[in-house]
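Every number for a ligand or one of its atoms is a count from 1 in the order of the listing. This chain uses plain numbering: 1 for the first residue, then up along the sequence. Here the structure is a predicted model, which means the values were calculated and not measured.
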Amino acid sequence: FVPKISSTKLCAEAEYDFDVAIIGCGVGGHGAALHARGQGLKTAVFSGRDVGGTCVNRGCVPSKALLAASGRVRDMRDADHLESLGISVDGEVSYDRQAVADHAKNLANTVKGNLENSLIGLSVDVIEDRGILAGPNKIKADKSGKIYTAKNIILAPGSVPFVPPGVTVDEKTVYTSDGALNLDFVPEWVAIIGSGYIGLEFSDVYTALGSEVTFIEALPMLMPTFDREIAKQAERMLIRPRPIDYRLGVFASEVTPGEPGKKPCTIKMINANTKEHVETIEVDAVMVATGRVPNTKDMGLDSMNIETNRGFVAVDEKMRVKTSADGEIIDNLYCIGDANGVMMLAHAASAQGISAVENICGREHVVNHEAVPAACFTHPEIAMVGLTEEQAVERAEKEGWTLGKSQGNFRANSKALAEGEGAGIAKVLFNKETEKIVGVHIIGIHAADLIQECANAVEQGTTVRELSMMVHTHPTLCEVLDEAFKGAVGMSSH
Ligand SMILES: Cc1cc2nc3c(=O)[nH]c(=O)nc-3n(C[C@H](O)[C@H](O)[C@H](O)COP(=O)(O)OP(=O)(O)OC[C@H]3O[C@@H](n4cnc5c(N)ncnc54)[C@H](O)[C@@H]3O)c2cc1C
Ligand SMILES: NC(=O)c1ccc[n+]([C@@H]2O[C@H](COP(=O)([O-])OP(=O)(O)OC[C@H]3O[C@@H](n4cnc5c(N)ncnc54)[C@H](O)[C@@H]3O)[C@@H](O)[C@H]2O)c1
């Protein structure tokens, strides 16, 4: 980064301790801190002794480590798949549960250390206390009580697991993702409440390690937030061939912890509409994956008369805090990441942090959230950017344009077939008049890496015609997208 603003000048002018102070050092706060220093701003971050936050310590990073290790176990136990490649494994494939758990923990610690070093390397002031907003330009350090002043404040306190009423969590037999990531034991039968990202990723881990899974989902379909066609494909590829069953349209109304190996956990279920009791089951463990809530309690929002909506802080498109959803913008106060609820993803939090700093520096910036990709790291992966087909149909109708749809297939892709992984599709949704992409959904091997080309295209406004003329390496999985882009403009791919 090239420093653009002299920090001494900015601080001296208003006699603040810092140009920017950030409350919370998850990936959002960390991204903002690094960018602020890159711009030459005197920067502090209140870390609450949790550098890396959810993503690094209790989220993306350790969960991907568990997915990587369990994925290998699944592959090595898949005798048919191995045989099709000419391989056999003599003897049983086993794993050491504690060593798998340690892999996740060690990785989280390494990444956390890297983040801490990057803050030190760039001379960000890391204040290990929690930060409490204490009025305009003021933050109180929770334990020491010391008041710090900053010209600009960025709130980045993130989120915590949501536990529905009636569910007792002991983080041992009934746990959220926080407890699940410790992998204290591998239950024979685990019920997962909620079939969103976390539930789906953990069903992948558990079934690979030998558990049976029962999903309990409040809505009448599995994976309700996904594009419907992709959710159906996911059911075919990730649910039906595995020891997974499910209950739909039910709430887990009462969940009681058990004792590992001794006493089962009990789950009472009620119909989501009628609220009548439908079933009670006993399982070895229960994972609660019913979404996350903002971590904005007790951080002094009242000191600036900020009204939250279920804890979410309202922001405008430049990440400036508003007093309420339709309230006024508060000067020099920003909120980024999970706490504003715009898009609960690690890279979105960090992009919003960078964007807030750009606005602080006087360069107007808005994150285009429709160009922010997302991925679910199951085997195979699911990835998406932009609108689902259902949302695109609605948008096209409302705005009066024609929706185009084109598909590429993994079964026709040489690289996928070489891997023996020919299942999956890539679906490209586009505006037929402008030929611009409005959404892409991929399920198939390495979908999470493939989606980036599409996210860049949405951000840049690249048309399917332009994409269809761009040369994709052979033989690669990217050719699945090449097939879809060419199909969109009536060209056939080889
Ligand atoms: C199991 C799991 C897997 C996930 N996997 C992915 C994934 O693969 N990809 C992806 O994009 N996203 C993933 N996510 C979501 C991702 O972790 C979050 O979107 C991301 O962490 C949000 O970043 P954040 O900086 O807003 O908040 P957080 O990461 O929650 O960080 C906020 C930090 O602020 C601290 N804090 C709170 N209040 C204060 C205070 N008053 N003073 C000081 N510090 C404070 C908190 O302790 C925390 O350290 C996953 C989440 C979970 C739970
Ligand atoms: N790979 C990734 O990017 C990734 C991975 C994990 C988590 N995350 C993020 O973490 C956040 C939380 O993930 P999540 O999976 O917990 O939330 P989610 O919102 O994706 O899914 C929650 C699911 O639980 C269901 N549900 C809610 N209350 C229920 C109840 N009482 N009984 C039964 N079902 C109920 C919902 O209908 C929904 O299907 C998400 O916003 C996601 O973006 C991302």
Side-chain angles (χ1 to χ4, degrees), residues 22-32 45-64 66-67 112 127-133 139-142 155-167 176-178 180-181 192-202 215-226 247-253 255 267 269-270 272 287-300 335-341 343-350 352-353 372-378 381-383 448:
I22 301 155
I23 302 183
C25 195
V27 279
H30 177 262
V45 63
F46 289 77
S47 72
R49 292 187 170 269
D50 187 35
V51 170
T54 305
C55 172
V56 174
N57 301 299
R58 306 171 288 283
C60 331
V61 173
S63 65
K64 265 76 260 181
L66 291 187
L67 280 156
K112 181 182 186 180
I127 300 163
E128 289 188 339
D129 230 338
R130 291 184 71 242
I132 313 287
L133 204 56
I139 300 174
K140 188 174 92 173
D142 193 23
L155 310 177
S159 65
V160 291
F162 164 67
V163 178
V167 176
T176 64
S177 52
D178 290 356
L181 287 161
I192 302 183
I193 310 178
S195 64
Y197 281 83
I198 294 184
L200 204 58
E201 287 187 351
F202 269 90
F215 273 117
I216 296 172
E217 171 55 57
L219 288 168
M221 70 285 267
L222 282 174
M223 301 164 263
T225 56
F226 289 42
R247 311 285 191 278
L248 301 178
V250 291
F251 285 124
S253 59
V255 176
I267 310 175
M269 286 174 250
I270 54 170
M287 177 167 188
V288 184
T290 46
R292 294 180 63 84
V293 286
N295 190 9
T296 51
K297 262 199 278 171
D298 307 325
M299 67 174 307
C335 179
I336 59 164
D338 281 8
N340 67 30
M343 196 177 222
M344 291 174 109
L345 291 173
H347 44 283
S350 151
Q352 290 175 1
V372 177
C376 187
F377 294 83
T378 43
E381 295 166 343
I382 305 172

Notebook entry, point to check: Has A375 got any heavy atom lying under 4.0 angstrom from an atom of ligand 2?
Noted result: yes
Note to self: Only heavy atoms of F377, strictly under 4.0 Å: list the atoms of ligand 1 that pass.
What the structure shows: 8 (O)
Note to self: So, regarding G28 and ligand 1 (criterion: nitrogen or oxygen to nitrogen or oxygen, under 3.5 Å), is there a contact or not?
What the structure shows: yes
Check: Would you say G291 and ligand 2 have an N/O pair spaced under 3.5 Å apart?
Finding: yes
Notebook entry, point to check: Just distances here: any N/O of T225 and N/O of ligand 2 closer than 3.5 Å?
Noted result: no
Next item on the list: Enumerate the atoms of ligand 2 whose separation from the nearest heavy atom of P164 is less than 4.0 angstrom.
Entry: 31 (N)
Margin query: Any nitrogen or oxygen of S177 lying under 3.5 Å from a nitrogen or oxygen in ligand 1? Just yes or no.
Written below: no
Notebook entry, point to check: Counting heavy atoms only, which part of E201 comes closer than 4.0 Å to ligand 2: side chain, backbone, both or neither?
Noted result: side chain
Notebook entry, point to check: Is the closest N or O pair between A218 and ligand 2 shorter than 3.5 Å?
Noted result: yes
Next item on the list: Record the part of S63 in heavy-atom contact with ligand 2 below 4.0 Å; permitted values are side chain, backbone, both and neither.
Entry: neither
Margin query: Does the residue D338 have a heavy-atom contact with ligand 2, meaning some pair of atoms that are separated by less than 4.0 Å?
Written below: no
Note to self: Is there a polar contact between ligand 2 and M344, counting only N or O atoms under 3.5 Å apart?
What the structure shows: yes
Next item on the list: If you have a sec, work out which protein heavy atom is nearest atom 49 (O) of ligand 1 and how many Å separate them, to one decimal?
Entry: D50 OD2, 2.5 Å
Check: Less than 3.5 Å between some nitrogen or oxygen of G131 and one of ligand 1, yes or no?
Finding: yes
Checklist line | Closest approach of any protein heavy atom to atom 37 (O) of ligand 2, naming residue and atom | finding: E217 OE2, 2.6 Å
Notebook entry, point to check: Looking at ligand 2, does any of its N/O atoms fall within less than 3.5 Å of an N/O of I198?
Noted result: yes
Note to self: Between M223 and E217, does the side-chain contact (heavy atoms from CB on, under 4.5 Å) criterion hold? Intermediate values first, please.
What the structure shows: CA-CA 9 Å; M223 301 164 263; E217 171 55 57; over 6 Å; no
Margin query: With heavy-atom distances below 4.5 Å as the criterion, would you say the side chains of V293 and V160 are in contact?
Written below: yes
Notebook entry, point to check: Between C55 and ligand 1, does any nitrogen or oxygen pair lie at a separation below 3.5 Å?
Noted result: yes
Margin query: Quick check: closest heavy atoms across I193 and A252, and the distance to 0.1 Å?
Written below: CD1-CB, 3.5 Å
Margin query: My understanding is that we take every heavy atom of each candidate and find the minimum distance to atom 14 (N) of ligand 1. Doing that for G59, S159, C60, which one comes out nearest?
Written below: C60
Next item on the list: Measure the distance from atom 53 (C) of ligand 1 to every protein heavy atom, then report the residue, atom name and distance (to 0.1 Å) of the closest one.
Entry: R292 NH1, 3.3 Å
Notebook entry, point to check: Of all the non-hydrogen atoms in the protein, which one sits nearest to atom 43 (C) of ligand 1, and at what distance?
Noted result: F46 O, 3.4 Å
Note to self: Polar contacts were defined as any N/O atom of the residue lying under 3.5 Å from an N/O atom of the ligand; does this apply to E201 and ligand 1?
What the structure shows: no
Next item on the list: Please determine if Y197 has a nitrogen or oxygen closer than 3.5 Å to a nitrogen or oxygen of ligand 2.
Entry: yes
Checklist line | Option nearest atom 32 (C) of ligand 1 (shortest heavy-atom distance, choices G31, P157, G53, A448) | finding: P157
Check: For ligand 2, does I193 get within less than 4.0 Å through its side chain, its backbone, both, or neither, judged by non-hydrogen atoms?
Finding: side chain
